[in-house]
Amino acid sequence: AVNYHFGDKMQLYVSVLQAAIDSVRAVIEASMRPAEGLPPEEQLRRFITIFLRRLLTPGPNTVHQLMHREMHDPTPALDAIVDQGVRPRIEYLSGVIAQMTGGDPGDDVVLRCVASIQSQALSYLHKPIASRLTRFGSKLQPTVEEVWELARHITAFSIAGVHAVTRAAEDARGRSQASRRRRQRAS
């Protein structure tokens, strides 16, 4: 029956994976939509809250299991996951963070901030290490209030971090420009 409907097992797997990608995209779109037109800090807060709620709410874990499998044992379907599931989220967050920093979405500072935010959120998925290190990671089903608490923490930490990293980058640029001016005057 698999061969008749899908051609082979890989095509069946690709079909299941596409359903998982569609689910991920729905979460991304739901995370972005309510924040349109708001200040970037509020966009970030809403994104993190919705993303974490969808990520940690009890229910079938199939999507995360498939993503985990692809990360550790990639098939040709990994490109679809990246292009349709991961890249849109990274591009959205890069745009939000770029608004906060006054930089470009492709700046190294912006991309490092995005990676930091994603790492914080993903670290709470139920995994063997997280379950041994954190109170929330040890719970198979965190309560709604615990998810909100995590979202508030990650948001506050991230906003403060983005502003601190932006100031540090501006200070470094200022020192670099001053040093260049001194060298030019000396020559």
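Owing to the predicted nature of the structure, the values given are computational and were not obtained by experimental measurement.
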(request) First locate atom CG of Leu17, then atom CG of Asp22, and finally report the distance between them rounded to the nearest 0.5 Å. (result) 10.0 Å
(message) So which atom in Gln43 and which in Gly37 form the shortest heavy-atom distance, rounded to 0.1 Å?
(response) NE2-N, 4.4 Å
(request) Treat each ILVMFWY residue as a node, draw an edge where side-chain heavy atoms are under 4.5 Å apart, and state whether Trp148 and Leu122 are in one component. (result) no
(request) Rounded to the nearest 0.5 Å, what's the gap from CD1 on Ile48 to CZ on Arg53? Could you check? (result) 13.5 Å
(request) Please name the residue in the list Val114, Val165, Leu111 that meets the side-chain contact (heavy atoms from CB on, under 4.5 Å) test with Ile97. (result) Val114
(message) Strictly below 4.0 Å, N to O, side chains only: are Glu170 and Arg167 in salt-bridge contact?
(response) no
(message) Determine whether a donor-acceptor pair (N or O, by modelled atom type, separation under 3.5 Å) exists between the side chain of Asp107 and the backbone of Val109.
(response) no
(message) On a heavy-atom basis, which atom in Ala77 and which in Val14 lie closest, and how many Å separate them?
(response) CB-CG2, 4.4 Å
(request) Could you tell me which non-hydrogen atom of Ile81 sits nearest to which non-hydrogen atom of Ile21, and how far apart they are? (result) N-CD1, 3.7 Å
(request) Specify the closest pair of heavy atoms between Pro105 and Ser94, including all atoms of both residues, with the distance to one decimal. (result) O-CB, 3.6 Å
(request) Compare every heavy atom of Val110 with every heavy atom of Asp104, then report the nearest pair and how far apart it is. (result) O-CG2, 3.4 Å
(request) Rounded to the nearest 0.5 Å, what's the gap from CZ on Arg46 to OG1 on Thr155? Could you check? (result) 11.5 Å
(message) If the threshold is 4.0 Å, N to carboxylate O, is there a salt bridge linking Arg45 and Glu41?
(response) no
(message) Using every non-hydrogen atom in the two residues, find where Leu52 and Ala121 come nearest and quote the distance to one decimal.
(response) CD2-O, 3.9 Å
(request) Report yes if some heavy atom in the side chain of Ile90 is under 4.5 Å from a heavy atom in the side chain of Arg87; otherwise report no. (result) no
(message) Rounded to the nearest 0.5 Å, what separates atom OG in Ser119 from atom CZ in Arg112?
(response) 13.5 Å
(message) So, applying side-chain contact (heavy atoms from CB on, under 4.5 Å) with Cys113, which one of Val162, Leu44, Leu93 is it?
(response) Val162
(message) With a 3.5 Å distance limit and no angle check, can you tell me whether Glu42 reaches the backbone of Pro39 through a side-chain donor-acceptor pair?
(response) no
(request) Answer whether the closest heavy-atom distance between the side chains of Phe47 and Val96 falls below 4.5 Å. (result) no
(message) Main chain of Gln120, side chain of Ser123: is a donor-acceptor contact present, judged purely on distance under 3.5 Å?
(response) yes
(message) Could you measure the distance from the CZ atom of Arg25 to the CD atom of Gln18? Nearest 0.5 Å is fine.
(response) 6.5 Å
(message) The test is side-chain contact (heavy atoms from CB on, under 4.5 Å); show your working for Arg89 and Val86 and say whether it passes.
(response) CA-CA 5 Å; Arg89 182 175 67 231; Val86 177; 4.2 Å; yes
(message) To the closest 0.5 Å, what do you measure between CD1 (Ile154) and CZ (Phe51)?
(response) 9.5 Å
